[in-house]
Amino acid sequence: HLAKQDLQSAIADFDKAIDLDPHNPVPLYNKGLALIQLNQFDTLRTQQLFEAALKVDPTCMVALMRLSELKLQLAVTFDQAQDVVDMLHDASTKCRDKDELVELATVRSMAIAQLK
């Protein structure tokens, strides 16, 4: 459904997948991504989906990256933005390979640049 841009059907499929296996982070963060692509997403619900994916799998870097981007966009104070930078720093110990670490460092650097 995602390949055809049928986002409503994709979201329904992600809901079914979440019901079938609530310990799989993939449908959680994919539903969050689909909600964002609809451009009508509920930021709180999307944030909760990314956080749920991380609760299921703390090493799920896709969910962490999307959560950090969302939180950075929503940050209205310096402290909220700094919390995102700190979250990204703390996550560096959870990277599973060099590519994840490089991507994490890049996102963290961009977040730091936005603080300046």
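Sequence positions, counted from 1, serve as the residue numbers for this chain. Hydrogens, waters and symmetry mates play no part in the numbers below; they use all other heavy atoms, side chains included. For clarity, every value in this text was computed on a predicted model and none was experimentally measured.
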* Structure fact -> When rounded to the nearest 0.5 Å, the distance separating CZ of Arg108 from CG of Leu101 is 11.0 Å
* Structure fact -> When rounded to the nearest 0.5 Å, the distance separating NZ of Lys31 from CG of Leu7 is 13.0 Å
* Asked: Measuring from Leu72:CG to Leu67:CG, what's the distance to the nearest 0.5 Å?
  -> 10.5 Å
* Structure fact -> Rounded to the nearest 0.5 angstrom, the CD-CG distance for Glu100 and Leu64 is 9.5 Å
* **Within one Ile-Leu-Val-Met-Phe-Trp-Tyr cluster: Val84 and Ile36, side-chain cutoff 4.5 Å** => yes
* Same apolar cluster (I L V M F W Y, side chains within < 4.5 Å links), Val56/Leu35 -> yes
* Asked: Within a strict 4.5 Å, meaning less than it, do heavy atoms of the Met110 and Glu69 side chains meet?
  -> no
* Note, Leu38 side chain near Ile11 side chain (heavy atom, < 4.5 Å) -> yes
* Just how far is it from atom CZ of Arg66 to atom OG1 of Thr46, taken to the nearest 0.5 Å? -> 13.0 Å
* To do: Return the minimal non-hydrogen interatomic distance between Met61 and Cys95, and the atom names on each side.
  => SD-SG, 4.0 Å
May I have the list of side-chain donor-acceptor pairs in residues 85-94 shorter than 3.5 Å, sequence neighbours left out?
residue : atom : partner : partner atom : Å
Asp86   : OD1  : Gln82   : NE2          : 3.0
Ser92   : OG   : His89   : O            : 2.8
Thr93   : OG1  : Asp90   : O            : 3.2

* Are Val62 and Leu70 linked, directly or through other ILVMFWY residues, by side chains that come within less than 4.5 angstrom of each other? -> yes
* Mark yes or no for whether Arg96, through its side chain, and Thr59, through its backbone, hold a donor-acceptor pair below 3.5 Å. => yes
* Exercise: identify the closest heavy-atom pair between Ser68 and Val107 -> OG-CG1, 3.8 Å
Listing, residues 17-29 side-chain donor-acceptor contacts under 3.5 Å, not counting sequence neighbours, or none:
residue : atom : partner : partner atom : Å
Asp21   : OD1  : His23   : N            : 3.2
Asn24   : OD1  : Val26   : N            : 3.0

* Asked: How many angstroms lie between atom CG of Asp99 and atom CG of Leu104, to the nearest 0.5 angstrom?
  -> 12.5 Å
